[in-house]
Each structure stands twice: as C-alpha cells, then as structure tokens.
Participant: 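Once you've had a glance at the structure underneath, I'll fire off some questions.
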Amino acid sequence: MDFSTALDIGSSALSAQRTNLNVISMNLANIRSTKTVNGEGPYQRKSVVFESTPVDSPFSKAMQGALDRDLSGVKVTGVVNDNRPPRLVFEPGHPDADENGYVAYPDINVVEEMANMITTMRSYEASAASISTTKSMFSKALEIGR
C-alpha cells in the first residue's frame, strides 16, 4: 500500500465519522421536538448507514500486487429514520397535546446518543492518528532519500 492510499482510507473514515457525529448532534438537538418541519408528528431519531468502498480506480487496481487488492475505505450510503414509536408523556397544558393530554416526543435515549458520540469521536481520533502516522512515515521516507 502506498502513502496516498493510506491517506485516502483515513480521510474516508474522517468524512464518514463527521457525518455520523452531525446526525448524533441532530438527534440530541431534537430530543424535545414534538413536530417536524412539515408538522407531521414528532422528530424521528436518525442513524447513519456505512458501507465499505474501494479506494482505487479499476485501472490502478489492475496494476497493484495481490496484497493491495482488498483495501477499502468507508462511505456513508444514507441517513435512515429509526422506526421506534414516539414516547408519550402526559402534559395536558402543552400546545401539542392530544385529546387525552399526551404529547408525543421522539424516543431518543440521551445515554445511548452520548455513548454513540463517544464511540464516533474515538473513531475519528483514531483515523486522524493514522493520517498523522502516515504523514510522519512519508516524511521519514523523504529524509532517507536525501
């Protein structure tokens, strides 16, 4: 594997984890949202779908050795709504309460979202460290060539 491929893999992971962190932040920001922009019920929790993706073009893949052929990065294929039913809370004075006095809130667990955020941040940090290590190795290789 060459240095640019290692950087491509690391940068794809950074991009995917940044998207994941944005979605987690959106979930936490909308934890008390009783209506969507369209006014169709409470906000629905979202999650990110990842998929492995080849890092090289088909031509460069044909020119590489057998050890380099299975290298993949990561990409976000979509952001999907969670199918959890809304959490009903008895608040008869709330403007969005139904005829029985219940308000539908999104079923978002703060502890779960914070655990996802920590995991995502650790993955982001690991990807940044791998890019930093690759840059350091590239710099050392240039020093050897002098």
Side-chain angles (χ1 to χ4, degrees), residues 1-91 94-98 102-145:
M1 169 173 43
D2 61 357
F3 292 115
S4 65
T5 303
L7 292 174
D8 289 343
I9 292 170
S11 66
S12 71
L14 287 176
S15 177
Q17 293 303 334
R18 182 189 50 199
T19 302
N20 195 20
L21 193 57
N22 287 341
V23 169
I24 292 168
S25 299
M26 188 171 31
N27 288 340
L28 287 171
N30 287 297
I31 201 163
R32 303 277 300 168
S33 296
T34 57
K35 287 186 180 176
T36 61
V37 176
N38 301 335
E40 302 172 2
Y43 172 84
Q44 284 189 300
R45 181 183 178 277
K46 298 179 182 351
S47 58
V48 177
V49 178
F50 298 111
E51 181 179 291
S52 68
T53 181
V55 220
D56 296 321
S57 67
F59 176 74
S60 65
K61 201 169 221 183
M63 300 303 290
Q64 292 176 346
L67 294 176
D68 294 336
R69 290 185 189 221
D70 292 333
L71 298 176
S72 296
V74 64
K75 71 176 180 177
V76 174
T77 57
V79 177
V80 295
N81 287 337
D82 198 336
N83 292 329
R84 297 178 192 179
R87 181 175 45 91
L88 297 177
V89 177
F90 185 70
E91 293 181 15
H94 195 282
D96 293 327
D98 63 7
Y102 286 95
V103 180
Y105 287 107
D107 190 17
I108 298 173
N109 185 346
V110 177
V111 175
E112 177 185 359
E113 295 299 323
M114 292 305 290
N116 290 342
M117 183 179 287
I118 291 170
T119 303
T120 301
M121 289 172 47
R122 296 293 184 253
S123 297
Y124 190 92
E125 290 168 359
S127 299
S130 73
I131 289 174
S132 178
T133 302
T134 302
K135 289 177 10 183
S136 176
M137 288 188 319
F138 185 71
S139 176
K140 294 294 181 184
L142 286 176
E143 287 178 16
I144 292 172

Participant: Please round to the nearest 0.5 Å and tell me the distance separating atom OG1 of T34 and atom OH of Y43.
Facilitator: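 Nearest 0.5 Å value for the OG1-OH distance: 14.0 Å.
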
Participant: Give a yes or no on whether F50 atom CZ has more than 12 heavy-atom contacts from other residues, nucleotides or ligands under 6.0 Å away.
Facilitator: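 Yes, CZ of F50 has more than 12 neighbouring heavy atoms, counting only those of other groups under 6.0 Å.
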
Participant: Any chance you could measure T120, atom OG1, to E125, atom CD, to the nearest 0.5 Å?
Facilitator: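 The OG1 atom of T120 sits 11.0 Å away from the CD atom of E125.
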
Participant: Using every non-hydrogen atom in the two residues, find where N30 and I108 come nearest and quote the distance to one decimal.
Facilitator: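 Taking every non-hydrogen atom into account, O-CD1, 4.3 Å.
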
Participant: Where do E113 and I24 come nearest, in terms of heavy atoms and distance?
Facilitator: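 Closest approach of E113 to I24: O-CG2, 3.6 Å.
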
Participant: Give the C-alpha distance, both sets of side-chain angles, the deciding distance and a yes or no for side-chain contact (heavy atoms from CB on, under 4.5 Å) between V80 and S47.
Facilitator: CA-CA 6 Å; V80 295; S47 58; 3.6 Å; yes

Participant: Look only at the side chain of S132 and the backbone of A128, and say whether a donor-acceptor pair between them is shorter than 3.5 Å.
Facilitator: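 Not a single qualifying donor-acceptor pair exists.
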
Participant: What heavy-atom pair brings S52 and S72 nearest, and what distance separates the two atoms?
Facilitator: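 That closest heavy-atom pairing would be CB-CB, 4.1 Å.
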
Participant: Could you check if a side-chain atom of D96 sits within less than 4.5 angstrom of a side-chain atom of E91, using non-hydrogen atoms only?
Facilitator: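 No. Closest side-chain heavy atoms not under 4.5 Å.
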
Participant: Of all the heavy-atom pairs spanning D107 and P85, show the shortest one and how long it is.
Facilitator: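 It is CB-O, 3.4 Å.
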
Participant: With rounding to the nearest 0.5 Å, note down the distance linking OG1 in T119 to CG in L21.
Facilitator: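 Going from OG1 on T119 over to CG on L21, the span is 11.5 Å.
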
Participant: With sequence neighbours excluded, tell me which residues meet side chain to side chain donor-acceptor pair (under 3.5 Å) with N81.
Facilitator: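 Counting only residues at least two positions away or on another chain, N81 forms a side chain to side chain donor-acceptor pair (under 3.5 Å) with Q44, K46.
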
Participant: Quick check: do N22 and M26 have side-chain heavy atoms less than 4.5 Å from each other?
Facilitator: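 Sidechains of M26 and N22: no contact.
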
Participant: Can you name the nearest heavy-atom pair linking H94 to V103, along with the distance?
Facilitator: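 Smallest interatomic distance, heavy atoms only, reads CB-CG2, 3.4 Å.
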
Participant: Can you tell me how far the CG atom of D82 sits from the CG atom of N27, to the nearest 0.5 Å?
Facilitator: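 One gets 8.5 Å once the value is rounded to the nearest 0.5 Å.
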
Participant: Are the side chain of T53 and the backbone of G73 linked by a donor-acceptor contact shorter than 3.5 Å?
Facilitator: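 Pair absent, no side-chain N/O of T53 close to backbone of G73.
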
Participant: Can you name the nearest heavy-atom pair linking P42 to P86, along with the distance?
Facilitator: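 Heavy atoms of P42 and P86 come nearest at CG-CB, 3.7 Å.
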
Participant: If you measure from OG on S25 to CG on N20, what distance do you get to the nearest 0.5 Å?
Facilitator: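 S25 atom OG to N20 atom CG measures 9.5 Å (nearest 0.5 Å).
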
Participant: Can you tell me how far apart CG (L14) and OG (S130) are? Round to the nearest 0.5 Å.
Facilitator: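 It comes to 7.0 Å.
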
